[in-house]
Q: 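The following block contains the structure, expressed as C-alpha coordinates.
Residue numbering restarts at 1 for every chain, and letters A, B, ... go by the order of the sequence lines.
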There are 2 protein chains.
Amino acid sequence: MVGRQGILLAAASAFAERGYSATTLRNIADDAGIQAGSIYHHFSSKDELFATVLDHGMTVMDEAFDRADGSLCGQVRAHLGALFEHGPYTTAHVTAFFTTPADVRAASVPHRDSYEAKWQQLLAELLPHLDDEQVQLHRLLLLGAMNSTVEWFDPTGDVTLDQLAHLVTGQFLRGVTT
Amino acid sequence: MVGRQGILLAAASAFAERGYSATTLRNIADDAGIQAGSIYHHFSSKDELFATVLDHGMTVMDEAFDRADGSLCGQVRAHLGALFEHGPYTTAHVTAFFTTPADVRAASVPHRDSYEAKWQQLLAELLPHLDDEQVQLHRLLLLGAMNSTVEWFDPTGDVTLDQLAHLVTGQFLRGVTT
DNA sequence: GTCTATAACATGATAGAC
DNA sequence: GTCTATCATGTTATAGAC
(Lines give C-alpha, C1' and ligand atoms only; values in the text may rest on other atoms or scores of the structure.)
Protein backbone atom coordinates (compact mmCIF):
# COMPACT_ATOMS: atom_id res chain seq x y z
CA MET A 1 0.00 0.00 0.00
CA VAL A 2 1.49 3.32 -1.10
CA GLY A 3 0.93 7.03 -1.08
CA ARG A 4 -1.76 9.02 0.63
CA GLN A 5 -4.24 6.13 0.82
CA GLY A 6 -1.67 3.85 2.43
CA ILE A 7 -0.81 6.46 5.05
CA LEU A 8 -4.49 7.04 5.74
CA LEU A 9 -5.16 3.34 6.22
CA ALA A 10 -2.16 2.83 8.47
CA ALA A 11 -3.12 5.91 10.48
CA ALA A 12 -6.71 4.77 10.93
CA SER A 13 -5.55 1.38 12.08
CA ALA A 14 -3.10 2.81 14.60
CA PHE A 15 -5.51 5.46 15.92
CA ALA A 16 -8.24 2.85 16.32
CA GLU A 17 -6.00 0.52 18.28
CA ARG A 18 -3.98 2.90 20.43
CA GLY A 19 -5.88 6.19 20.44
CA TYR A 20 -4.70 9.59 19.30
CA SER A 21 -1.89 10.38 21.73
CA ALA A 22 -0.28 6.97 21.91
CA THR A 23 -0.04 6.80 18.13
CA THR A 24 3.18 8.32 16.79
CA LEU A 25 3.93 9.40 13.26
CA ARG A 26 6.74 6.86 13.29
CA ASN A 27 4.21 4.10 14.09
CA ILE A 28 2.11 5.15 11.13
CA ALA A 29 5.10 5.52 8.83
CA ASP A 30 6.39 2.06 9.76
CA ASP A 31 3.03 0.44 8.99
CA ALA A 32 2.79 2.35 5.71
CA GLY A 33 6.34 1.39 4.74
CA ILE A 34 7.76 4.90 4.55
CA GLN A 35 9.74 7.32 6.74
CA ALA A 36 8.01 9.60 9.23
CA GLY A 37 9.05 12.80 7.48
CA SER A 38 7.38 11.68 4.26
CA ILE A 39 3.95 11.94 5.85
CA TYR A 40 4.22 15.71 5.67
CA HIS A 41 4.14 15.63 1.89
CA HIS A 42 0.52 14.44 2.18
CA PHE A 43 -0.69 15.94 5.46
CA SER A 44 0.30 19.16 7.13
CA SER A 45 0.12 17.84 10.70
CA LYS A 46 -0.81 14.89 12.89
CA ASP A 47 -4.06 16.71 13.69
CA GLU A 48 -5.03 17.03 10.02
CA LEU A 49 -4.25 13.36 9.45
CA PHE A 50 -6.43 12.39 12.40
CA ALA A 51 -9.25 14.66 11.26
CA THR A 52 -9.08 13.13 7.77
CA VAL A 53 -9.35 9.63 9.23
CA LEU A 54 -12.42 10.60 11.29
CA ASP A 55 -14.04 12.34 8.34
CA HIS A 56 -13.51 9.28 6.18
CA GLY A 57 -15.07 7.17 8.95
CA MET A 58 -18.17 9.33 9.18
CA THR A 59 -18.59 9.25 5.41
CA VAL A 60 -18.57 5.46 5.54
CA MET A 61 -21.21 5.58 8.31
CA ASP A 62 -23.37 8.01 6.34
CA GLU A 63 -23.27 5.97 3.17
CA ALA A 64 -24.10 2.76 5.00
CA PHE A 65 -27.04 4.43 6.74
CA ASP A 66 -28.41 5.94 3.52
CA ARG A 67 -28.12 2.69 1.59
CA ALA A 68 -29.96 0.61 4.20
CA ASP A 69 -33.65 -0.34 3.90
CA GLY A 70 -35.04 1.90 6.65
CA SER A 71 -36.10 -0.93 8.96
CA LEU A 72 -34.46 -0.86 12.38
CA CYS A 73 -32.77 -4.20 11.77
CA GLY A 74 -31.51 -2.96 8.42
CA GLN A 75 -30.08 0.21 9.93
CA VAL A 76 -28.48 -1.70 12.80
CA ARG A 77 -26.92 -4.08 10.28
CA ALA A 78 -25.64 -1.11 8.29
CA HIS A 79 -24.06 0.50 11.36
CA LEU A 80 -22.39 -2.76 12.43
CA GLY A 81 -21.30 -3.35 8.85
CA ALA A 82 -19.68 0.08 8.74
CA LEU A 83 -17.76 -0.82 11.92
CA PHE A 84 -16.51 -4.23 10.81
CA GLU A 85 -16.56 -4.37 7.02
CA HIS A 86 -15.10 -1.04 5.91
CA GLY A 87 -11.67 -0.77 7.42
CA PRO A 88 -10.49 0.86 10.62
CA TYR A 89 -11.77 4.38 9.84
CA THR A 90 -15.06 3.90 11.63
CA THR A 91 -13.44 1.98 14.47
CA ALA A 92 -11.14 4.94 15.11
CA HIS A 93 -14.23 7.07 15.59
CA VAL A 94 -15.52 4.83 18.33
CA THR A 95 -12.32 4.07 20.21
CA ALA A 96 -10.23 7.24 19.77
CA PHE A 97 -12.74 10.09 19.72
CA PHE A 98 -13.53 10.58 23.38
CA THR A 99 -9.98 10.69 24.76
CA THR A 100 -8.61 12.90 21.97
CA PRO A 101 -7.81 16.52 22.93
CA ALA A 102 -10.94 18.62 22.49
CA ASP A 103 -9.42 21.06 20.00
CA VAL A 104 -8.30 18.20 17.77
CA ARG A 105 -11.61 16.36 17.73
CA ALA A 106 -13.66 19.56 17.34
CA ALA A 107 -13.39 19.40 13.54
CA SER A 108 -15.39 16.18 13.37
CA VAL A 109 -18.14 17.06 15.84
CA PRO A 110 -20.58 18.49 13.23
CA HIS A 111 -20.31 15.37 11.05
CA ARG A 112 -20.94 13.18 14.09
CA ASP A 113 -23.92 15.27 15.13
CA SER A 114 -25.56 14.99 11.71
CA TYR A 115 -25.17 11.21 11.77
CA GLU A 116 -26.71 10.99 15.23
CA ALA A 117 -29.56 13.19 14.05
CA LYS A 118 -30.41 10.59 11.42
CA TRP A 119 -30.75 7.98 14.15
CA GLN A 120 -32.83 10.33 16.27
CA GLN A 121 -35.26 10.82 13.41
CA LEU A 122 -35.44 7.12 12.63
CA LEU A 123 -36.22 6.20 16.23
CA ALA A 124 -38.67 9.06 16.71
CA GLU A 125 -40.76 7.70 13.81
CA LEU A 126 -40.48 4.19 15.14
CA LEU A 127 -41.49 5.16 18.69
CA PRO A 128 -44.26 7.76 18.38
CA HIS A 129 -45.50 6.99 21.90
CA LEU A 130 -42.28 8.42 23.44
CA ASP A 131 -41.25 12.06 23.75
CA ASP A 132 -38.02 13.39 22.26
CA GLU A 133 -36.00 13.13 25.47
CA GLN A 134 -36.98 9.49 25.99
CA VAL A 135 -36.13 8.72 22.38
CA GLN A 136 -32.77 10.42 22.84
CA LEU A 137 -31.94 8.32 25.90
CA HIS A 138 -32.87 5.11 24.10
CA ARG A 139 -30.85 6.20 21.06
CA LEU A 140 -27.74 6.89 23.12
CA LEU A 141 -28.04 3.51 24.83
CA LEU A 142 -28.53 1.73 21.50
CA LEU A 143 -25.56 3.44 19.84
CA GLY A 144 -23.49 2.83 22.96
CA ALA A 145 -24.31 -0.88 22.85
CA MET A 146 -23.56 -1.13 19.13
CA ASN A 147 -20.31 0.80 19.34
CA SER A 148 -19.14 -1.30 22.28
CA THR A 149 -19.02 -4.30 19.93
CA VAL A 150 -15.71 -3.05 18.49
CA GLU A 151 -14.12 -4.00 21.82
CA TRP A 152 -15.27 -7.62 21.84
CA PHE A 153 -17.03 -8.84 18.68
CA ASP A 154 -15.06 -11.04 16.28
CA PRO A 155 -16.65 -10.95 12.81
CA THR A 156 -14.69 -14.06 11.81
CA GLY A 157 -16.15 -16.08 14.71
CA ASP A 158 -19.21 -18.33 14.64
CA VAL A 159 -21.67 -15.48 15.24
CA THR A 160 -22.28 -13.55 12.01
CA LEU A 161 -22.92 -9.85 11.67
CA ASP A 162 -26.47 -10.63 10.52
CA GLN A 163 -27.10 -12.64 13.67
CA LEU A 164 -25.62 -9.90 15.83
CA ALA A 165 -27.82 -7.31 14.13
CA HIS A 166 -30.93 -9.41 14.80
CA LEU A 167 -29.90 -9.89 18.42
CA VAL A 168 -29.33 -6.17 18.96
CA THR A 169 -32.60 -5.27 17.27
CA GLY A 170 -34.58 -7.86 19.20
CA GLN A 171 -33.15 -6.79 22.54
CA PHE A 172 -33.90 -3.16 21.74
CA LEU A 173 -37.46 -3.61 20.51
CA ARG A 174 -38.75 -6.51 22.59
CA GLY A 175 -36.20 -7.10 25.34
CA VAL A 176 -34.43 -10.31 26.33
CA THR A 177 -37.36 -12.04 28.02
CA THR A 178 -39.16 -12.93 24.78
CA MET B 1 -5.91 17.21 48.73
CA VAL B 2 -2.50 15.88 49.74
CA GLY B 3 -0.32 12.83 49.70
CA ARG B 4 -0.90 9.50 48.08
CA GLN B 5 -4.69 9.82 48.03
CA GLY B 6 -4.51 13.22 46.36
CA ILE B 7 -2.17 11.92 43.67
CA LEU B 8 -4.42 8.92 43.10
CA LEU B 9 -7.50 11.09 42.71
CA ALA B 10 -5.81 13.53 40.36
CA ALA B 11 -4.42 10.63 38.34
CA ALA B 12 -7.81 8.92 38.03
CA SER B 13 -9.40 12.15 36.90
CA ALA B 14 -6.74 12.82 34.28
CA PHE B 15 -6.64 9.23 32.98
CA ALA B 16 -10.44 9.16 32.72
CA GLU B 17 -10.53 12.36 30.73
CA ARG B 18 -7.50 12.06 28.46
CA GLY B 19 -6.57 8.39 28.46
CA TYR B 20 -3.31 6.80 29.50
CA SER B 21 -0.82 8.18 26.98
CA ALA B 22 -2.08 11.76 26.80
CA THR B 23 -1.88 12.08 30.58
CA THR B 24 1.53 13.26 31.77
CA LEU B 25 2.92 13.05 35.26
CA ARG B 26 3.12 16.86 35.18
CA ASN B 27 -0.64 17.01 34.55
CA ILE B 28 -1.27 14.83 37.54
CA ALA B 29 1.23 16.69 39.74
CA ASP B 30 -0.31 20.05 38.81
CA ASP B 31 -3.80 18.87 39.74
CA ALA B 32 -2.50 17.38 42.98
CA GLY B 33 -0.60 20.56 43.84
CA ILE B 34 2.90 19.05 43.90
CA GLN B 35 5.90 18.66 41.57
CA ALA B 36 6.14 15.78 39.11
CA GLY B 37 9.19 14.25 40.75
CA SER B 38 7.36 13.94 44.05
CA ILE B 39 5.02 11.33 42.59
CA TYR B 40 7.85 8.81 42.70
CA HIS B 41 7.88 8.89 46.48
CA HIS B 42 4.45 7.19 46.36
CA PHE B 43 4.48 5.22 43.12
CA SER B 44 7.37 3.56 41.34
CA SER B 45 6.21 4.36 37.81
CA LYS B 46 3.41 5.78 35.70
CA ASP B 47 2.33 2.22 34.98
CA GLU B 48 1.99 1.35 38.64
CA LEU B 49 0.01 4.53 39.27
CA PHE B 50 -2.33 3.66 36.42
CA ALA B 51 -2.72 0.08 37.62
CA THR B 52 -3.54 1.33 41.12
CA VAL B 53 -6.23 3.62 39.73
CA LEU B 54 -7.80 0.76 37.76
CA ASP B 55 -7.63 -1.58 40.74
CA HIS B 56 -9.32 1.00 42.94
CA GLY B 57 -12.01 1.40 40.26
CA MET B 58 -12.71 -2.33 40.11
CA THR B 59 -12.93 -2.51 43.89
CA VAL B 60 -15.58 0.22 43.82
CA MET B 61 -17.47 -1.75 41.17
CA ASP B 62 -17.24 -4.97 43.18
CA GLU B 63 -18.47 -3.39 46.38
CA ALA B 64 -21.39 -1.70 44.62
CA PHE B 65 -22.36 -4.99 42.96
CA ASP B 66 -22.17 -6.98 46.20
CA ARG B 67 -24.16 -4.42 48.20
CA ALA B 68 -27.03 -4.25 45.69
CA ASP B 69 -30.30 -6.16 46.16
CA GLY B 70 -29.85 -8.76 43.42
CA SER B 71 -32.68 -7.53 41.20
CA LEU B 72 -31.59 -6.49 37.73
CA CYS B 73 -32.69 -2.91 38.32
CA GLY B 74 -30.79 -2.86 41.61
CA GLN B 75 -27.62 -4.15 39.98
CA VAL B 76 -27.93 -1.72 37.08
CA ARG B 77 -28.37 1.12 39.56
CA ALA B 78 -25.30 -0.07 41.47
CA HIS B 79 -23.18 -0.16 38.31
CA LEU B 80 -24.30 3.31 37.23
CA GLY B 81 -23.80 4.56 40.77
CA ALA B 82 -20.24 3.25 40.75
CA LEU B 83 -19.63 5.17 37.53
CA PHE B 84 -21.07 8.50 38.65
CA GLU B 85 -21.08 8.63 42.44
CA HIS B 86 -17.66 7.27 43.46
CA GLY B 87 -15.08 9.46 41.81
CA PRO B 88 -13.23 9.08 38.54
CA TYR B 89 -11.64 5.70 39.30
CA THR B 90 -14.39 3.71 37.64
CA THR B 91 -14.67 6.17 34.78
CA ALA B 92 -11.00 5.66 34.00
CA HIS B 93 -11.74 1.96 33.61
CA VAL B 94 -14.32 2.63 30.94
CA THR B 95 -12.63 5.40 28.96
CA ALA B 96 -8.92 4.60 29.28
CA PHE B 97 -8.72 0.81 29.38
CA PHE B 98 -9.09 -0.15 25.74
CA THR B 99 -6.53 2.23 24.24
CA THR B 100 -3.90 1.66 26.93
CA PRO B 101 -0.83 -0.39 25.87
CA ALA B 102 -1.59 -4.06 26.39
CA ASP B 103 1.29 -4.72 28.79
CA VAL B 104 0.18 -1.87 31.03
CA ARG B 105 -3.46 -2.88 31.22
CA ALA B 106 -2.68 -6.58 31.62
CA ALA B 107 -2.45 -6.22 35.40
CA SER B 108 -6.12 -5.34 35.70
CA VAL B 109 -7.55 -7.92 33.32
CA PRO B 110 -8.20 -10.61 35.99
CA HIS B 111 -10.08 -8.18 38.23
CA ARG B 112 -12.20 -7.08 35.25
CA ASP B 113 -12.91 -10.68 34.29
CA SER B 114 -14.13 -11.57 37.77
CA TYR B 115 -16.49 -8.60 37.76
CA GLU B 116 -17.89 -9.59 34.37
CA ALA B 117 -18.34 -13.14 35.63
CA LYS B 118 -20.66 -11.83 38.34
CA TRP B 119 -22.83 -10.25 35.66
CA GLN B 120 -22.75 -13.40 33.60
CA GLN B 121 -24.03 -15.43 36.55
CA LEU B 122 -26.72 -12.88 37.39
CA LEU B 123 -28.05 -12.82 33.83
CA ALA B 124 -27.82 -16.60 33.41
CA GLU B 125 -30.13 -17.05 36.42
CA LEU B 126 -32.45 -14.37 35.13
CA LEU B 127 -32.63 -15.82 31.60
CA PRO B 128 -32.78 -19.62 31.98
CA HIS B 129 -34.32 -19.99 28.51
CA LEU B 130 -31.09 -18.78 26.84
CA ASP B 131 -27.82 -20.65 26.41
CA ASP B 132 -24.53 -19.32 27.76
CA GLU B 133 -23.41 -17.77 24.49
CA GLN B 134 -26.67 -15.87 24.07
CA VAL B 135 -26.46 -14.66 27.65
CA GLN B 136 -22.90 -13.53 27.04
CA LEU B 137 -23.88 -11.49 23.98
CA HIS B 138 -26.73 -9.83 25.86
CA ARG B 139 -24.41 -9.13 28.80
CA LEU B 140 -21.79 -7.48 26.61
CA LEU B 141 -24.44 -5.31 24.97
CA LEU B 142 -25.89 -4.34 28.35
CA LEU B 143 -22.51 -3.46 29.86
CA GLY B 144 -21.58 -1.61 26.66
CA ALA B 145 -24.76 0.47 26.87
CA MET B 146 -24.26 1.23 30.57
CA ASN B 147 -20.59 2.12 30.18
CA SER B 148 -21.34 4.41 27.24
CA THR B 149 -23.26 6.66 29.64
CA VAL B 150 -19.98 8.11 30.92
CA GLU B 151 -19.65 9.86 27.56
CA TRP B 152 -23.00 11.64 27.63
CA PHE B 153 -24.99 11.32 30.88
CA ASP B 154 -25.04 14.30 33.23
CA PRO B 155 -25.96 13.17 36.77
CA THR B 156 -26.70 16.78 37.74
CA GLY B 157 -29.28 17.17 34.94
CA ASP B 158 -33.03 16.62 35.17
CA VAL B 159 -32.81 12.86 34.61
CA THR B 160 -31.77 11.10 37.83
CA LEU B 161 -29.61 8.02 38.13
CA ASP B 162 -32.64 6.11 39.44
CA GLN B 163 -34.63 7.05 36.35
CA LEU B 164 -31.74 6.10 34.08
CA ALA B 165 -31.44 2.73 35.84
CA HIS B 166 -35.15 2.04 35.32
CA LEU B 167 -34.89 3.05 31.66
CA VAL B 168 -31.89 0.78 31.05
CA THR B 169 -33.54 -2.13 32.85
CA GLY B 170 -36.84 -1.68 31.05
CA GLN B 171 -35.19 -1.52 27.63
CA PHE B 172 -33.15 -4.61 28.40
CA LEU B 173 -35.95 -6.78 29.78
CA ARG B 174 -38.99 -5.66 27.79
CA GLY B 175 -37.70 -3.48 24.95
CA VAL B 176 -38.71 0.04 23.97
CA THR B 177 -42.07 -0.79 22.44
CA THR B 178 -43.85 -1.35 25.75
C1' DG C 1 7.41 14.12 51.91
C1' DT C 2 8.39 17.54 48.73
C1' DC C 3 11.66 20.22 46.13
C1' DT C 4 15.15 21.28 42.25
C1' DA C 5 17.98 19.79 38.68
C1' DT C 6 19.02 16.83 35.24
C1' DA C 7 19.73 12.54 32.63
C1' DA C 8 18.06 9.71 28.78
C1' DC C 9 14.93 9.29 25.46
C1' DA C 10 10.77 10.04 22.25
C1' DT C 11 8.00 13.13 19.68
C1' DG C 12 6.09 16.47 16.06
C1' DA C 13 7.85 19.11 12.67
C1' DT C 14 11.29 21.28 9.18
C1' DA C 15 14.95 21.66 5.46
C1' DG C 16 17.17 20.19 1.67
C1' DA C 17 19.20 16.27 -1.20
C1' DC C 18 17.80 12.97 -4.67
C1' DG D 1 7.25 11.55 -3.52
C1' DT D 2 10.45 9.76 -0.45
C1' DC D 3 14.73 9.98 2.07
C1' DT D 4 18.13 11.59 5.59
C1' DA D 5 19.33 14.42 8.93
C1' DT D 6 18.23 17.66 12.59
C1' DC D 7 15.74 21.00 15.81
C1' DA D 8 13.00 22.21 19.64
C1' DT D 9 10.25 20.47 22.89
C1' DG D 10 8.13 17.31 26.09
C1' DT D 11 8.36 12.95 28.70
C1' DT D 12 9.52 9.42 32.29
C1' DA D 13 12.55 8.66 35.69
C1' DT D 14 16.59 9.45 38.98
C1' DA D 15 19.66 11.79 42.54
C1' DG D 16 20.36 14.44 46.23
C1' DA D 17 19.26 18.77 49.02
C1' DC D 18 16.09 20.36 52.54
Side-chain angles (χ1 to χ4, degrees), chain A residues 1-56 92 95-97 99-108, chain B residues 1-56 92 95-97 99-108:
Chain A
M1 188 67 70
V2 196
R4 185 183 161 96
Q5 293 304 316
I7 294 170
L8 215 50
L9 181 61
S13 193
F15 285 137
E17 202 174 316
R18 297 188 272 261
Y20 173 81
S21 297
T23 298
T24 70
L25 295 176
R26 285 171 176 83
N27 288 154
I28 297 170
D30 283 353
D31 289 0
I34 58 172
Q35 293 297 313
S38 306
I39 293 176
Y40 287 87
H41 183 74
H42 303 277
F43 302 93
S44 67
S45 69
K46 183 184 178 182
D47 289 9
E48 195 210 323
L49 177 52
F50 184 72
T52 306
V53 166
L54 289 199
D55 190 65
H56 194 125
T95 62
F97 183 82
T99 52
T100 298
D103 57 312
V104 179
R105 71 180 185 220
S108 62
Chain B
M1 189 65 70
V2 197
R4 185 184 161 95
Q5 293 304 316
I7 295 169
L8 215 50
L9 181 60
S13 193
F15 285 136
E17 202 174 318
R18 296 188 272 260
Y20 173 79
S21 298
T23 298
T24 70
L25 296 177
R26 282 187 242 272
N27 288 153
I28 297 170
D30 284 353
D31 289 0
I34 59 172
Q35 294 297 313
S38 305
I39 293 177
Y40 286 88
H41 183 73
H42 302 278
F43 301 93
S44 67
S45 69
K46 182 184 178 182
D47 290 8
E48 194 210 323
L49 177 52
F50 184 72
T52 306
V53 166
L54 289 198
D55 190 66
H56 194 124
T95 63
F97 183 82
T99 52
T100 297
D103 57 311
V104 179
R105 71 181 186 220
S108 62

Q: Once you measure the plane-to-plane angle for Phe15(B) and Tyr20(B), does it fall in the parallel (<30°), tilted (30-60°) or perpendicular (>60°) bin?
A: parallel
Q: I need the minimum non-hydrogen distance between Ala10(B) and Asp31(B), along with the two atoms involved.
A: CB-CB, 3.7 Å
Q: Just how far, in rounded Å, is P of dT12(D) from OH of Tyr40(B)?
A: 7 Å
Q: What are the two closest non-hydrogen atoms of Ala36(B) and Arg26(B), and how far apart are they?
A: CB-CG, 4.0 Å
Q: CZ of Arg18(A) to OG1 of Thr100(B): how many Å apart, nearest 0.5 Å?
A: 13.0 Å
Q: Listing time: all N or O pairs from protein to nucleotides 1-3 of chain D that are below 3.5 Å?
A:
from: dG1(D); atom 1: OP2; to: His41(A); atom 2: NE2; distance (Å): 3.0
from: dT2(D); atom 1: OP2; to: His42(A); atom 2: NE2; distance (Å): 2.7
from: dC3(D); atom 1: OP2; to: Gln35(A); atom 2: N; distance (Å): 2.5
from: dC3(D); atom 1: OP2; to: Ser38(A); atom 2: OG; distance (Å): 3.0

Q: For Phe43(B) and dT14(D), give me the distance from atom CZ to atom C1', rounded to whole Å.
A: 18 Å
Q: Using atom CG of Asp30(B) as one end and atom C1' of dT12(D) as the other, report the distance to the nearest whole Å.
A: 15 Å
Q: Taking protein heavy atoms under 4.0 Å as touching, what does nucleotides 6-11 of chain D look like 5' to 3' if B marks base contact, S marks sugar-phosphate-only contact and - marks none?
A: -----B
Q: What residue pairs, at least two apart or across chains, pass ring pair (Phe, Tyr, Trp, His ring centres under 6.0 Å) with a residue in residues 22-43 of chain A?
A: none
Q: Would you name the heavy atoms of Ser38(B) and Ile34(B) that are closest together and state the gap between them?
A: CB-CD1, 3.9 Å
Q: From CG of Asp47(A) over to P of dT11(C), roughly how many Å is that when rounded to an integer?
A: 16 Å
Q: Verify whether one side chain among Thr24(B) and Asn27(B) offers a donor that lies under 3.5 Å from an acceptor in the other.
A: yes
Q: Any idea which heavy atoms bring Ala16(A) and Thr95(A) closest together, and the distance?
A: O-OG1, 2.7 Å
